[in-house]
Novice: 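What follows is a structure written as C-alpha cells; I'll ask about it next.
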Amino acid sequence: QVQLVESGGGLVQAGGSLRLSCAASGPTFSSYRRGWFRQAPGKEREFVAAISWSGGSTYYADSVKGRFTISSDNAKNTVYLQMNSLKPEDTAVYYCAADRRVGIATLTIEYDYWGQGTQVTVSS
C-alpha cells in the first residue's frame with residue numbers, strides 16, 4: 001500500500017513559480033510510475049505530467065509543456081512538479097498519483113494511488 005502526501009501549493013501571482021512535492025510511503029515506491037493531475041472547480045480532473053519509475057521518461061500536457069517540469073528522487077521517495085510562468089488558468093487542486101505498472105500513464109484510470117491534493121491559486 002502506498003500513501004501519497006502533496007505539499008507546496010499556495011497563492012502566487014501570474015508569472016510566478018511554485019514547486020509541488022509528493023512524498024510517498026512504502027518500500028517499493030521507487031518502482032512505481034508517477035503522475036500529476038489537476039482539477040479546477042466544475043471541471044474534470046485532467047492530466048498534467050507523468051514520469052516513469054526510473055525517471056528516464058517524462059510526458060506533459062500541451063497546456064503546461066515548456067513551463068512545468070516533473071522530476072523524482074527515489075532516494076527520498078518524492079516526486080516534484082516545478083511550475084514556472086504560472087497563469088490564472090493553472091488554478092486548480094493538484095494531485096499526485098502512482099501506479100506499479102511500467103511506462104508512462106496519462107489517464108486517471110491508469111493510477112491506483114492518489115494523494116489528497118494541494119491547492120494552487122494564480123492571481124492575475
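Throughout, residue positions are numbered sequentially from 1 according to the sequence presented. What you see is a predicted model, and the numbers here were worked out from it, not measured in a lab.
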Novice: Roughly how far, to the nearest 0.5 Å, is the OG atom of Ser85 from the CZ atom of Arg67?
Specialist: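 Separation between the atoms: 7.0 Å.
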Novice: Looking at Ser52 and Ser57, would you say the former's side chain and the latter's main chain have a donor-acceptor pair under 3.5 Å?
Specialist: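 Between the backbone of Ser57 and the side chain of Ser52 there is a qualifying donor-acceptor contact (under 3.5 Å).
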Novice: Considering only residues two or more places apart or on different chains, which pairs with a residue in residues 16-120 satisfy disulfide (SG to SG under 2.5 Å)?
Specialist: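 Listed once each, the pairs are Cys22-Cys96.
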Novice: Can you list the residues that meet the side chain to side chain donor-acceptor pair (under 3.5 Å) rule with Asn84, with sequence neighbours excluded?
Specialist: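 In terms of side chain to side chain donor-acceptor pair (under 3.5 Å), with neighbours along the sequence ignored, Asn84 is linked to Ser17, Gln82.
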Novice: Would you call Glu110 and Arg101 a salt bridge, taking side-chain N to carboxylate O under 4.0 Å as the test?
Specialist: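 No, Glu110 and Arg101 are not salt-bridged.
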Novice: Check the surroundings of atom NZ in Lys43: do more than 12 heavy atoms from other residues, nucleotides or ligands lie under 6.0 Å from it?
Specialist: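 Check fails, neighbour count at 12 or below.
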Novice: Which disulfide (SG to SG under 2.5 Å) pairs, counting each pair once, include a residue from residues 46-77, with sequence neighbours left out?
Specialist: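 Output for this query is empty, none listed.
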Novice: As a quick check of understanding, evaluate side-chain contact (heavy atoms from CB on, under 4.5 Å) for Val5 and Gln116, giving each step before the final call.
Specialist: CA-CA 7 Å; Val5 179; Gln116 83 290 347; 4.3 Å; yes
Novice: Provide the closest heavy-atom pair for Pro88 versus Ser124 in the form atom of the first, atom of the second, distance.
Specialist: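 Shortest heavy-atom separation between Pro88 and Ser124 comes out as CG-CB, 3.9 Å.
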Novice: Find out if a path of hydrophobic residues (ILVMFWY) with successive side-chain heavy-atom gaps under 4.5 Å connects Tyr59 to Tyr95.
Specialist: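 Same cluster.
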Novice: Side-chain contact test, heavy atoms from C-beta onward, threshold under 4.5 Å: evaluate it for Ser63 versus Arg38 and give yes or no.
Specialist: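 They are in contact (side-chain heavy atoms under 4.5 Å apart), so the answer is yes.
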Novice: Out of curiosity, Thr69 OG1 to Arg19 CZ, how far, rounded to the nearest 0.5 Å?
Specialist: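 Going from OG1 on Thr69 over to CZ on Arg19, the span is 11.5 Å.
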Novice: Between Trp53 and Arg100, is any pair of side-chain heavy atoms under 4.5 Å apart?
Specialist: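 No, too far: nothing below the 4.5 Å cut-off.
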Novice: Counting only heavy atoms from other residues, nucleotides and ligands, does the tally under 6.0 Å from CG of Leu107 exceed 12?
Specialist: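 Yes, CG of Leu107 has more than 12 neighbouring heavy atoms, counting only those of other groups under 6.0 Å.
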Novice: For residues 24-88, pull every pair meeting disulfide (SG to SG under 2.5 Å), keeping only residues two or more places apart or in separate chains.
Specialist: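 Disulfide (SG to SG under 2.5 Å) check on residues 24-88 returns no pairs.
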Novice: Which ILVMFWY residues can you reach from Leu18 by hopping between side chains whose heavy atoms are under 4.5 Å apart?
Specialist: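 Answer for Leu18: Val12, Leu20, Trp36, Val48, Ile51, Tyr60, Val64, Phe68, Ile70, Val79, Leu81, Met83, Leu86, Tyr94, Val120, Val122.
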Novice: Just jot down the ring pair (Phe, Tyr, Trp, His ring centres under 6.0 Å) partners of Phe37, sequence neighbours excluded, or say none.
Specialist: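 Counting only residues at least two positions away or on another chain, Phe37 forms a ring pair (Phe, Tyr, Trp, His ring centres under 6.0 Å) with Phe47, Tyr111, Trp114.
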Novice: Does the side-chain contact (heavy atoms from CB on, under 4.5 Å) test come out yes or no for Val2 and Tyr32, once each step is laid out?
Specialist: CA-CA 10 Å; Val2 171; Tyr32 283 42; 3.4 Å; yes
Novice: Could you state the interatomic distance from CZ (Arg34) to OG (Ser72), rounded to the nearest 0.5 Å?
Specialist: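 Between atom CZ of Arg34 and atom OG of Ser72 there are 4.5 Å.
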Novice: Using a strict threshold of under 4.0 Å (side-chain N to carboxylate O), is an ion pair present between Lys87 and Asp90?
Specialist: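 No salt bridge links Asp90 with Lys87.
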Novice: Out of curiosity, Gln39 CD to Thr108 OG1, how far, rounded to the nearest 0.5 Å?
Specialist: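 The CD atom of Gln39 sits 9.5 Å away from the OG1 atom of Thr108.
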Novice: To check you understand the geometry: which heavy-atom pair defines the closest contact between Gly117 and Val93, and what is its length?
Specialist: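 Taking Gly117 first and Val93 second, the nearest heavy atoms are CA-CG1, 3.8 Å.
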Novice: Judged by atom type as modelled, is there a donor-acceptor pair below 3.5 Å linking the side chain of Thr91 to the main-chain atoms of Glu89?
Specialist: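 Not confirmed, Thr91 side chain does not pair with Glu89 backbone.
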